[in-house]
Colleague: 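Sharing a structure with you now.
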Amino acid sequence: MMIEISLFGALRECEPGARLQLDLPGDAGVTELRAALLAHAQSHWPAPRASLLGKCALADERSILRDGDALPGGGRVAVLPPVSGG
Amino acid sequence: MMIEISLFGALRECEPGARLQLDLPGDAGVTELRAALLAHAQSHWPAPRASLLGKCALADERSILRDGDALPGGGRVAVLPPVSGG
Amino acid sequence: MNPHHLLVVDAAQDRLDPAAAIEFVSDPAFGGIDVFIGRVRDLNHGREVIGISYDLFDALALNGFAQIAARAQAQFGPHLKLYIAHAKGRLAVGDLAVVIAAGTPHRDEAFRACRMVIEAVKHESPIWKQEHYVDGDSVWSEGCSLCGEVADHDDQPQAHDGHTH
Amino acid sequence: MNPHHLLVVDAAQDRLDPAAAIEFVSDPAFGGIDVFIGRVRDLNHGREVIGISYDLFDALALNGFAQIAARAQAQFGPHLKLYIAHAKGRLAVGDLAVVIAAGTPHRDEAFRACRMVIEAVKHESPIWKQEHYVDGDSVWSEGCSLCGEVADHDDQPQAHDGHTH
């Protein structure tokens with residue numbers, strides 16, 4: 001199952017176009033996606049950015065995804081660093 | 001000493017032009033003015049308006065005048081019913 | 001420049017302008033602006049209102065606004081701009097009766113200063129409100145007596161001698 | 001008509017408009033309007049700022065604004081209109097980053113709803129701030145992690161997990 005991942009804030013510059021795709025087993029959920037993303041980051045991103053992932057939430061367009069949740073049907077997930085609006 | 005008194009709010013309509021003059025002894029202070037004003041109101045104003053005086057403050061253009069204070073130099077005093085701004 | 005702009009606006013000639021308030025309290029060093037706008041409502045205590053007449057003792061009101069602003073400055077520090085404007089005369093439903101704006105470096109002080117100022121203006125300023133009803137009747141609001149001790153009710157949301165207004 | 005107007009404004013095309021916010025939350029039944037405006041400051045943590053870039057996950061941000069508005073409605077009752085707008089893209093010092101307006105029958109609810117909403121927007125919305133400094137450096141703000149439990153910090157002035165922002 002191909003998951004299309006969008007990066008925001010400080011993570012935008014980690015991938016061209018602030019996007020990456022990860023291929024996960026069909027039964028993978030949010031927990032597995034997070035693990036795969038961390039593995040990718042640790043081998044491809046600068047260390048400070050990879051370590052920022054520990055503080056990032058995952059979300060779809062409607063809400064935050066929690067560990068143990070299923071992945072959203074559309075296969076599109078956003079990575080949300082700590083927020084600083086206003 | 002002639003004191004020029006301005007009336008505001010619900011008391012405006014008690015006197016033509018919302019003003020009256022009271023002639024007080026030269027050593028009169030705020031306490032004496034208040035007593036003279038009450039006597040005038042009780043004989044000239046409708047009872048509800050006269051009784052409103054008990055809740056009114058006296059003031060000049062700079063601040064509230066307290067019982068025992070001297071009257072302001074210019075001889076102009078305002079009668080302030082309970083306030084309701086905003 | 002004086003960081004406080006204080007005014008009484010005659011409804012017959014002009015109207016209150018929130019944009020001018022925001023402009024006045026804006027500053028490159030300020031990240032937070034809070035603006036309070038009081039408007040004439042169509043209903044009060046269950047009676048249908050068609051307008052309000054405000055009477056003011058202008059000179060004392062403006063001196064009082066300056067004292068309120070000075071107290072806010074003492075409480076919230078020197079990095080504060082304030083705009084305090086109150087209408088005078090006859091207003092219709094929807095017209096603006098009062099506009100308060102506070103600008104500060106951070107938002108918490110802006111909210112608190114704005115709230116403190118509107119409470120003080122409502123409870124201390126020599127301003128009187130006469131409501132005009134659809135049935136033709138007009139009533140002066142009961143209000144808040146200035147006879148007692150002066151104002152230790154700044155920054156106290158809502159409660160004042162057991163009543164709210 | 002939906003009593004909540006929620007928008008993300010692209011700085012390249014438009015700017016935030018407090019007058020539109022005030023207009024939207026105005027109502028003949030409402031006596032109180034509170035407006036909060038967040039502006040880009042020229043100094044942060046002692047560094048001279050020349051601008052801020054805001055990144056937003058627009059769809060989730062707008063869904064989040066709707067949830068925040070629904071919570072405000074639940075807390076402050078049905079007689080509440082809200083306007084929530086946040087800028088996106090590159091802003092200069094003095095530009096408006098966020099405008100919140102709340103209209104209610106009485107002022108207490110307007111102040112509290114406005115405060116509750118700006119706190120929630122700052123702590124929960126998927127919005128990221130990159131500060132640009134006069135020395136050419138740019139830094140993404142550290143911000144507030146969304147990993148933990150969701151928001152019981154509404155209406156809490158200032159303190160959030162021991163930090164303020």
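These numbers come from a predicted model, not from an experiment. Lettering follows sequence order; numbering is per chain, from 1.
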Colleague: Which one, D/G32, D/S26, D/A110, leads in non-hydrogen pairs under 4.5 Å with chain C?
Modeller: D/S26
Colleague: Counting only heavy atoms closer than 4.5 Å, note whether C/F36 contacts chain D via side chain, backbone, both or neither.
Modeller: both
Colleague: Spell out the residues in residues 82-105 of chain C that have some non-hydrogen atom less than 4.5 Å away from a non-hydrogen atom of chain D, in order of number; otherwise answer 'none'.
Modeller: C/V93, C/P105
Colleague: For residues 15-24 of chain C, which side-chain donor-acceptor pairs fall under 3.5 Å, sequence neighbours excluded?
Modeller:
unit_1, atom_1, unit_2, atom_2, d
C/D17, OD1, C/A19, N, 3.0
C/D17, OD1, C/A20, N, 3.3

Colleague: Do any of residues 49-56 of chain C come closer than 4.5 Å to chain D, heavy atom to heavy atom, and if so which ones, in number order?
Modeller: none
Colleague: Does anything in residues 38-46 of chain D reach chain C? List residues with heavy atoms under 4.5 Å apart, or say none.
Modeller: D/G38, D/R39, D/V40, D/R41, D/D42
Colleague: Please say whether more than 12 non-hydrogen atoms of neighbouring residues, nucleotides or ligands are located less than 6.0 Å from CD in C/E142.
Modeller: no
Colleague: What closest approach, in Å, do C/I37 and D/V35 show between heavy atoms, and which atom pair accounts for it?
Modeller: CD1-CG2, 4.5 Å
